[in-house]
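Letters A, B, ... mirror the listed sequences (proteins, then strands); counts begin at 1.
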Number of protein chains: 2
Amino acid sequence: MARARRPGSYVCGIDAAMDVIGGKWKVLILWALHEKPCRFGELRRELPGVTEKVLAAHLRELEADGIVHREAYDEVPPRVEYSLTERGETLNEALGPLGDWGKENMLGGVSAAAGQMREDDDVALIAGRP
Amino acid sequence: MARARRPGSYVCGIDAAMDVIGGKWKVLILWALHEKPCRFGELRRELPGVTEKVLAAHLRELEADGIVHREAYDEVPPRVEYSLTERGETLNEALGPLGDWGKENMLGGVSAAAGQMREDDDVALIAGRP
DNA sequence: CAGCATCCTTCACGATACTG
DNA sequence: CAGTATCGTGAAGGATGCTG
């Protein structure tokens, strides 16, 4: 996306990861799918402003990278469900510290860090999100 | 960079962080400066392929975001040294898990994880780099 | 040495319209 | 509903040349 995709060799792991999440909506898609598997139109509603074309393209890329799973049900009307793969979940977790950093340093360094964070989910891992 | 810079409000911390490191060479600059403070030309040699214009632009943005510090010495010939700020260091650390993920999942999931990793530096934190 | 000034290319993203 | 097809745009990035 933001750079040459799949040149075969990256300078480092960050480079490779940046390639995977380099799309404008990639991380938002990741976040939306982490909350719950979503259908196409559902996803579109979760990401205000994204166009069908771009959403479809991003989903195809994420699928190619093994981040999301696409399940098409042969029904009428057609139904397709997107969900995170195991690899997608680990990516989401790896994004956690970065999200924390962004929230602390770029947003209003809210002190939401300590105390009011629930732990019944893996909120601790993926904090710094909406 | 890759998206609208400083719209004033991001969807989440990841969004904000992605904005900071969204440039094509940003993370490489971060990495180079983490190893040691660098002069402009030095930095250029560390990043094969980057042009002066782009490197200068990225450095200015990183400086504006409080990630790197620019120290200009009034000598002849002119000398400028770039280094990571405290915030830059924390960003670098926050990038660690992502680097690990990229190395494990996108590169040759090398088993370099265990054993042959030296710990005299903070290698453990910022693994997955060159 | 450390840059800024220009011009140019390219690619991600967007808008709109149309199918199975 | 879940997409494809086509056309258009803007901004990031690259190439080259010049300056304090």
- Message: At a heavy-atom distance below 4.0 Å, what parts of residues 36-44 of chain A sit against DNA chain D?
- Response: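 Within residues 36-44 of chain A, the residues near DNA chain D are A/Arg39, A/Phe40, A/Gly41.
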- Near DNA chain D, which residues from residues 69-79 of chain B have a heavy atom under 4.0 Å away?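 DNA chain D contact set from residues 69-79 of chain B: B/Pro78.
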- Query: In Å, rounded to the nearest 0.5 Å, how long is the span from CD of A/Glu35 to CD of A/Glu46?
  - Reply: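 Answer for the CD-CD pair, A/Glu35 versus A/Glu46, is 6.5 Å.
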Whole-Å gap separating [atom2] ([N]) and [atom1] ([X]):
{"X": "B/Arg60", "N": "C/dG3", "atom1": "CZ", "atom2": "P", "result": "9 Å"}
{"X": "B/Leu47", "N": "C/dA2", "atom1": "CG", "atom2": "P", "result": "14 Å"}
{"X": "A/Glu61", "N": "C/dC13", "atom1": "CD", "atom2": "C1'", "result": "12 Å"}
{"X": "A/Ile21", "N": "C/dA12", "atom1": "CD1", "atom2": "P", "result": "16 Å"}
{"X": "B/Met18", "N": "D/dA12", "atom1": "CE", "atom2": "P", "result": "14 Å"}
{"X": "B/Leu59", "N": "C/dG3", "atom1": "CG", "atom2": "C1'", "result": "11 Å"}
{"X": "B/Leu55", "N": "C/dC4", "atom1": "CG", "atom2": "C1'", "result": "13 Å"}
{"X": "A/Glu63", "N": "D/dG3", "atom1": "CD", "atom2": "C1'", "result": "13 Å"}

Can you check whether [X] reaches [Y] side chain to side chain, under 4.5 Å on heavy atoms?
{"X": "A/Tyr82", "Y": "A/Glu71", "result": "no"}
{"X": "A/Val20", "Y": "B/Asn105", "result": "no"}
{"X": "A/Val54", "Y": "A/Trp25", "result": "yes"}
{"X": "B/Leu33", "Y": "B/Leu43", "result": "yes"}
{"X": "B/Trp31", "Y": "A/Ile14", "result": "no"}

- Query: Any salt bridge between B/Arg87 and A/Glu104, counting N to O under 4.0 Å?
  - Reply: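 So B/Arg87 does not pair with A/Glu104 through a salt bridge.
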Under the side-chain contact (heavy atoms from CB on, under 4.5 Å) test, residues paired with [X] that sit two or more places apart:
{"X": "A/Arg60", "answer": "A/Ala56, A/Ala57"}
{"X": "B/Pro37", "answer": "B/Glu81, B/Ser83"}
{"X": "B/Glu63", "answer": "B/Val68, B/Arg70"}

- By salt bridge (Lys or Arg N to Asp or Glu O under 4.0 Å), which residues pair with A/Glu75, not counting sequence neighbours?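 A/Glu75: salt bridge (Lys or Arg N to Asp or Glu O under 4.0 Å) contacts with A/Arg79.
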- Under the salt bridge (Lys or Arg N to Asp or Glu O under 4.0 Å) rule, collect the residues that match up with A/Glu52, sequence neighbours excluded.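 For A/Glu52, the residues satisfying salt bridge (Lys or Arg N to Asp or Glu O under 4.0 Å) (neighbours in sequence not counted) are A/Arg44.
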Listed pairs, N/O of protein and of nucleotides 14-18 of chain D, under 3.5 Å:
residue : atom : partner : partner atom : Å
D/dG14  : OP1  : B/Lys24 : NZ           : 2.6
D/dG14  : OP2  : B/Trp25 : NE1          : 3.3
D/dG14  : O6   : B/Lys53 : NZ           : 2.2

- Item | Flag, side chain of A/Thr85 to backbone of A/Ile67, donor-acceptor distance under 3.5 Å |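 Side chain of A/Thr85 to backbone of A/Ile67, a donor-acceptor pair under 3.5 Å: yes, one is there.
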- Is any side-chain N or O of A/His58 closer than 4.0 Å to OP1 or OP2 of C/dC13?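 Checking C/dC13 against A/His58, a side-chain N or O does come within under 4.0 Å of OP1 or OP2.
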- Message: Less than 4.0 angstrom between a side-chain N/O of B/Tyr82 and OP1 or OP2 of C/dC1, yes or no?
- Response: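 Negative; the distance criterion is not met.
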- A/Arg39: partners by side-chain hydrogen bond (donor to acceptor under 3.5 Å, both in side chains), with sequence neighbours left out: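 side-chain hydrogen bond (donor to acceptor under 3.5 Å, both in side chains) list for A/Arg39, sorted by chain: empty.
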- So how far off straight is the helix from C/dC1-D/dG20 to C/dG20-D/dC1, going by the axes through five pairs at either end, to 10°?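 Here the helix ends are tilted 50° relative to one another.
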